[in-house]
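First comes the structure, then the notes that go with it.
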Amino acid sequence: MERTTRSLTRPTASAGRSTARYVGIDLARFLAVVGMMANHLVAVSEFDPTASALNQRAGEIATTLTSGIAAALFAVLGGVSAVFASRRALQAGRPGAAIASIVLRGVILIVLGLALGALEVPIIVVLVYYGVSLILVAVFVVAPSWVVGIVAAVLWLGGGYVNSLARQTLELVEEAGSPSFESLAGAPFETLRGTLLTGVYPAITWVAYLLVGILIARALLAANARGKLGRSALGLAALGALLATAATLVSNWTLANLERFGVFPPEGLDMATFVEYLGMQQFGAPNAPELWSQLVAAPHSGSPAEMLRTVGIALAVIGLLVTMCDSRGTGPGRFTDVFRAAGAAPLTIYTLHLLATALVYAPLYAGAELPGGMSWWAAGLGAFGIQLAGVLVIGAILSATGRRGPLEALTSGIVRTVTRT
């Protein structure tokens with residue numbers, strides 16, 4: 001029980017070397033993973049003519065609440081995790097070991113992602129993109145915050161332009177999909193280019209999110225050391241709300257004033273439909289390199305407006321949850337701890353989600369006819385409810401036993417063995 005109790009307390013100012021968990025961060029991870037699940041399982045019903053009216057409406061809501069948002073929150077939290085995972089080595093004066101531990105975690109994610117990329121699921125597996133981005137940011141865990149901030153700002157302002165210009169030049173919309181061992185062997189250059197630039201979750205975007213996460217983690221640790229965690233976390237939440245609101249207003253103004261930018265719908269398409277299309281989910285890059293496109297916060301576009309909006313939402317979520325759960329150091333109740341424990345096992349939960357989805361989609365990919373559309377347990381609210389119940393069961397088990405998720409424990413064990421951290 002001692003191990004469980006320690007994991008539920010926040011780090012204190014007097015415990016400078018503490019590796020205790022922030023409950024609010026784990027709850028944010030829970031929301032990120034469950035949000036991605038909802039996007040995969042519920043949002044698809046929005047455009048399914050065979051889905052019930054309830055599922056179609058739920059699909060619209062899921063799209064609004066999760067499209068581009070859940071993945072961005074997941075990426076920002078990856079930067080937070082990088083700081084937390086490396087702080088023991090940094091406190092011991094071993095910057096090389098700290099960097100190596102992050103690089104090794106990235107390699108593990110890449111290997112697992114390449115294996116899961118072979119699954120036949122209507123989901124872009126993020127782990128290879130995440131792993132490559134984690135390797136690229138590893139050195140920044142020892143860099144001054146001002147350097148981290150400058151690099152993040154450069155990628156935020158210029159990444160969308162470079163990305164969309166490259167795709168325009170290459171005459172492609174997206175490549176790489178879910179990278180796998182097969183795609184890596186058959187098209188290594190395209191797979192690498194996709195993970196860095198032309199994929200749905202390109203490193204040019206995700207590195208910026210991870211760097212923001214590094215700054216958030218440092219701000220929380222510094223505030224906690226000063227005994228001002230609650231005030232600082234609430235400030236982050238307020239800043240996040242302000243950024244998200246500003247980005248949304250700019251995006252809406254841009255879409256309402258496209259003529260001012262000399263942008264008109266293609267022949268045969270009315271302006272309202274064109275605007276709706278421009279605001280829909282993209283494939284990892286803005287529609288065009290021009291300024292107007294960079295100001296549109298379309299989900300998964302990586303435009304400056306979209307990144308500002310999603311970073312703002314991530315700040316708001318993290319700030320509010322840390323304020324509510326960690327500022328007083330009381331720890332979660334038994335019920336809340338189920339969600340915390342599930343959130344502390346994001347890699348395990350995400351992997352099981354992919355495997356479960358592949359299992360229910362197997363008949364479809366095998367060519368079986370599905371009269372009446374997808375079964376209720378394969379897509380829609382029913383499918384999401386089943387998988388969410390499974391997540392909570394896992395959370396309850398981990399909470400009751402005081403253990404970590406198996407993939408998290410395996411990853412940490414490998415990293416400790418290799419780096420001796």
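Just so you know, these numbers use all the heavy atoms, side chains as well, and skip hydrogens, waters and symmetry mates. In this text the structure is predicted, and so the values were computed from the model without any measurement.
- Note that CG of Leu308 and CG of Leu315 are 9.5 Å apart. Values are rounded to the nearest 0.5 Å.
- By the salt bridge (Lys or Arg N to Asp or Glu O under 4.0 Å) test, Arg193 is found to be paired with Glu175, residues two or more places apart in sequence or in another chain being considered.
- Dense packing is recorded around CZ of Phe261, with more than 12 heavy atoms of other residues, nucleotides or ligands lying under 6.0 Å away.
- There is a side-chain donor-acceptor pair under 3.5 Å between Thr310 and Tyr209.
- Closest non-hydrogen pair, Val33 versus Pro346, comes out as CG2-CB, 3.8 Å.
- Between Arg416 atom CZ and Ile414 atom CD1 the span is 10.5 Å, to the nearest 0.5 Å.
- In this structure, CG in Leu278 is found 11.0 Å from OG1 in Thr273, a value given to the nearest 0.5 Å.
- With hydrogens and angles disregarded, no donor-acceptor distance shorter than 3.5 Å links the side chain of Glu306 to the backbone of Val296.
- With hydrogens and angles ignored, the 3.5 Å screen pairs no side-chain donor or acceptor of Glu60 with any backbone N or O of Ala43.
- Ring to ring, Phe384 and His40 are not that close: their centroids are 6.0 angstrom or more apart.
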Please set out all donor-acceptor pairs under 3.5 angstrom arising from side-chain atoms of residues 68-86, sequence neighbours excluded.
unit_1, atom_1, unit_2, atom_2, d
Ser81, OG, Arg29, NE, 3.4
Ser81, OG, Arg29, NH2, 2.7
Ser81, OG, Leu77, O, 3.0
Ser86, OG, Ala82, O, 2.8
Ser86, OG, Val83, O, 3.3

Intermediate values then yes/no, side-chain contact (heavy atoms from CB on, under 4.5 Å), Phe140 and Leu210: CA-CA 10 Å; Phe140 289 98; Leu210 287 164; over 6 Å; no
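- Summarising the geometry of Arg94 relative to Thr419, their closest heavy-atom pair is NH2-O, 3.0 Å, with the distance given to 0.1 Å.
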Criterion side-chain contact (heavy atoms from CB on, under 4.5 Å) on Ser178 and Ile123, from CA distance to verdict: CA-CA 8 Å; Ser178 296; Ile123 298 170; over 6 Å; no
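- The environment of OH in Tyr161 is sparse: at most 12 heavy-atom neighbours from other residues, nucleotides or ligands sit within 6.0 Å.
- At distances below 3.5 Å, not a single donor-acceptor pair connects side-chain atoms of Ser301 with backbone N or O atoms of Ala297.
- Separation of atoms CD1 (Ile99) and CD1 (Ile135) is listed at 13.0 Å; rounding is to 0.5 Å.
- Here the side chains of Arg218 and Val148 are in contact, with some heavy-atom distance below 4.5 Å.
- In plain terms, the two heavy atoms of Arg309 and Pro299 that are nearest each other are NH2-CG, 4.3 Å.
- Put simply, the side chain of Val263 reaches to within 4.5 Å of the side chain of Phe274, judged on heavy atoms.
- Here the closest non-hydrogen pair linking Tyr129 and Gly194 is CE2-O, 3.5 Å.
- Thr191 places a side-chain N or O within donor-acceptor distance of the main-chain N or O of Ser183, the cut-off being under 3.5 Å.
- Counting all heavy atoms, side chain and backbone alike, Leu197 lies closest to Asn163 at O-OD1, 2.8 Å.
- Between Leu255 and Trp292, every side-chain heavy-atom pair lies at or beyond the 4.5 Å cut-off.
- Closest non-hydrogen pair, Gly113 versus Val125, comes out as O-CG1, 4.4 Å.
- Between the OG1 atom of Thr254 and the CG atom of Leu291 there is a distance of 7.5 Å, given to the nearest 0.5 Å.
- Residues Met307 and Val212 are not in side-chain contact: their nearest non-hydrogen atoms beyond the backbone lie 4.5 Å or more apart.
- Using a distance-only test at 3.5 Å, with no hydrogens or angles considered, a donor-acceptor pair links the side chain of Arg167 to the main chain of Val173.
- Looking only at atom types and distance, the side chain of Asp337 has a donor-acceptor partner in the side chain of Ser399 under 3.5 Å away.
- Under the 3.5 Å distance criterion, the side-chain polar atoms of Asn287 are left unmatched by any main-chain donor or acceptor of Ser293.
- When the options Leu352, Ile108, Leu109 are evaluated for a side-chain contact (heavy atoms from CB on, under 4.5 Å) with Leu347, the one that passes is Leu109.
- Donor-acceptor pairing under 3.5 Å is lacking for the side chains of Thr63 and Gln281.
- Under the 3.5 Å distance criterion, with hydrogens and angles disregarded, a donor-acceptor pair is assigned to the side chains of Arg404 and Ser412.
- The closest donor-acceptor contact from the side chain of Thr348 to the backbone of Leu407 lies under 3.5 Å.
- Under a 3.5 Å cut-off, the side chain of Asn224 and the backbone N or O of Leu229 do not form any donor-acceptor pair.
- Within the model, atoms NE2 of His300 and OG1 of Thr205 stand 11.0 Å from one another, a figure rounded to the nearest 0.5 Å.
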Check against side-chain contact (heavy atoms from CB on, under 4.5 Å), Tyr350 and Val126: CA-CA 10 Å; Tyr350 182 76; Val126 304; 3.6 Å; yes
Residues Leu119, Tyr361; criterion side-chain contact (heavy atoms from CB on, under 4.5 Å); working and verdict: CA-CA 10 Å; Leu119 295 175; Tyr361 269 83; over 6 Å; no
